[in-house]
Amino acid sequence: PVQVTARIDYALRALVELASRPDGLVTRDELSAAQDIPPRYLESILLQLRREGLVIGQRGATGGYRLGRPAEQITMADVSRAVDGPLALVQGQRPETIQYDGTSRHLGDLWIGLRAAVRSVMESVTLADLLAGDLPAAVRALVDDPDAWRSGTDR
């Protein structure tokens, strides 16, 4: 299954919270409380986001965090890559590096297609889109499809 890790979920929640407060700095503890994220775990995530320029941290009594660039310029893919690495791995490897032989020789194409589909969604949605609840039309069409809401075990 394609899984969204806790790191990605927490990072997105923290960044959307920051996007909702563009006029000031927000402390780690305020973010933690607003989004119910364990503070120490959040600190580690914020460090990764800072390294990638997605947040800017200011130390001191009046310190805190703010977005490193406008919410319209931060995609879900940016966030995912910052805290969790590549968008799609197969057994810990990039799909294009795996060689299949025999009857499995076309399996690599499937993994590349899966990565392209994930990338298409993740690179088209920004923090601003999430905050406004205004997903791009192609993503909204996927969400509005009733089959999207069925689990894979539903028949």
Side-chain angles (χ1 to χ4, degrees), residues 1-22 26 28 30-55 65 67-155:
V2 175
Q3 293 186 6
V4 175
T5 66
R7 292 188 79 72
I8 295 170
D9 182 54
Y10 288 164
L12 288 172
R13 289 164 51 189
L15 288 169
V16 170
E17 188 67 31
L18 288 176
S20 77
R21 303 181 193 197
V26 183
R28 179 204 66 183
E30 289 171 328
L31 287 172
S32 173
Q35 291 296 322
D36 194 26
I37 302 170
R40 289 173 101 43
Y41 197 47
L42 179 59
E43 185 67 37
S44 147
I45 292 168
L46 289 168
L47 180 65
Q48 289 178 292
L49 295 172
R50 200 172 88 214
R51 269 191 229 125
E52 296 298 319
L54 299 179
V55 299
Y65 294 89
L67 293 180
R69 55 186 194 244
E72 297 80 14
Q73 295 176 16
I74 299 174
T75 68
M76 303 305 94
D78 295 331
V79 178
S80 179
R81 288 181 185 119
V83 299
D84 228 23
L87 294 178
L89 295 175
V90 177
Q91 297 187 37
Q93 299 177 57
R94 292 178 186 269
E96 68 273 12
T97 66
I98 301 172
Q99 180 67 40
Y100 293 98
D101 297 315
T103 57
S104 299
R105 68 184 174 277
H106 302 293
L107 194 52
D109 292 343
L110 173 64
W111 303 142
I112 296 293
L114 176 65
R115 179 178 62 188
V118 169
R119 182 186 293 153
S120 174
V121 170
M122 297 287 281
E123 288 182 348
S124 70
V125 179
T126 67
L127 287 178
D129 297 333
L130 279 180
L131 186 60
D134 186 24
L135 297 174
V139 177
R140 176 53 55 201
L142 292 170
V143 172
D144 289 345
D145 180 348
D147 285 340
W149 293 89
R150 291 187 320 128
S151 74
T153 59
D154 294 344
R155 300 260 185 246

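Values reported hereafter were calculated over all heavy atoms of this structure, with side chains retained and with hydrogens, waters and symmetry mates removed.
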| said: For a quick test of reading the model, state the closest non-hydrogen atom pair linking V90 to Y100 and the distance between them. | reply: CG1-OH, 3.8 Å
| Has the side chain of D84 got a donor or acceptor atom that lies under 3.5 Å from a matching backbone atom of R81? | no
| In Å and rounded to the nearest 0.5 Å, what is the CG to CG distance from L15 to L130? | 10.0 Å
| How close do P38 and S32 get, heavy atom to heavy atom, and via which atoms? | C-OG, 4.1 Å
| Can you name the closest pair of heavy atoms from P136 and V125 and give their distance? | CD-CG2, 3.9 Å
| field | Side-chain ion pair, R13 and E17, N-O less than 4.0 Å | value | no
| At what distance, to the nearest 0.5 angstrom, does CD1 of I37 lie from CG of D9? | 7.5 Å
| task | Decide side chain to side chain contact (heavy atoms under 4.5 Å, CB included) for V139 and S124; before the verdict, give the C-alpha distance in whole Å, the side-chain angles of both, and the deciding distance to 0.1 Å. | result | CA-CA 8 Å; V139 177; S124 70; 3.4 Å; yes
| request: Dump the intermediate steps for side chain to side chain contact (heavy atoms under 4.5 Å, CB included) on L54 and L67, then the final yes or no. | output: CA-CA 6 Å; L54 299 179; L67 293 180; over 6 Å; no
| field | Any L12 side-chain heavy atom under 4.5 Å of V4 side chain | value | no
| said: Treating W111 as the side-chain partner and I98 as the backbone partner, does any N or O pair qualify as donor plus acceptor under 3.5 Å? | reply: no
| message | Given 3.5 Å as the limit, does a donor-acceptor pair link the side chain of T5 with the main chain of I8, or not? | response | yes
| note | Looking only at heavy atoms, the pair that brings R28 and P39 closest together is CD-O, 3.3 Å
| query | How close do Q48 and V83 get, heavy atom to heavy atom, and via which atoms? | reply | NE2-O, 3.6 Å
| message | Distance check, rounded to the nearest 0.5 Å: R94 atom CZ versus T97 atom OG1? | response | 8.5 Å
| message | Show the nearest heavy-atom pair for residues L18 and Y65, with the distance to one decimal. | response | CD2-O, 3.4 Å
| query | With a 4.5 Å heavy-atom cut-off, do R7 and I45 have their side chains touching? | reply | yes
| How about R21: does its CZ atom have over 12 heavy atoms from other parts shown lying under 6.0 Å from it? | yes
| Separation of S104 OG from L110 CG (nearest 0.5 Å) | 11.5 Å
| Side-chain (S80) to main-chain (M76) donor-acceptor, under 3.5 angstrom | no
| field | R115 (side chain) donor-acceptor with I112 (main chain) under 3.5 angstrom | value | no
| Salt bridge flag under 4.0 Å for residues R140 and D129 | no
| said: If you apply the rule salt bridge (charged side-chain N to carboxylate O under 4.0 Å, His left out), what do you find for R150 with D145, and how did you get there? | reply: CA-CA 10 Å; R150 291 187 320 128; D145 180 348; over 6 Å; no
| remark: One should read off an interatomic distance between D78 CG and T126 OG1, to the nearest 0.5 angstrom, of 10.0 Å
| remark: When rounded to the nearest 0.5 Å, the distance separating CD of E96 from CG of D109 is 12.0 Å
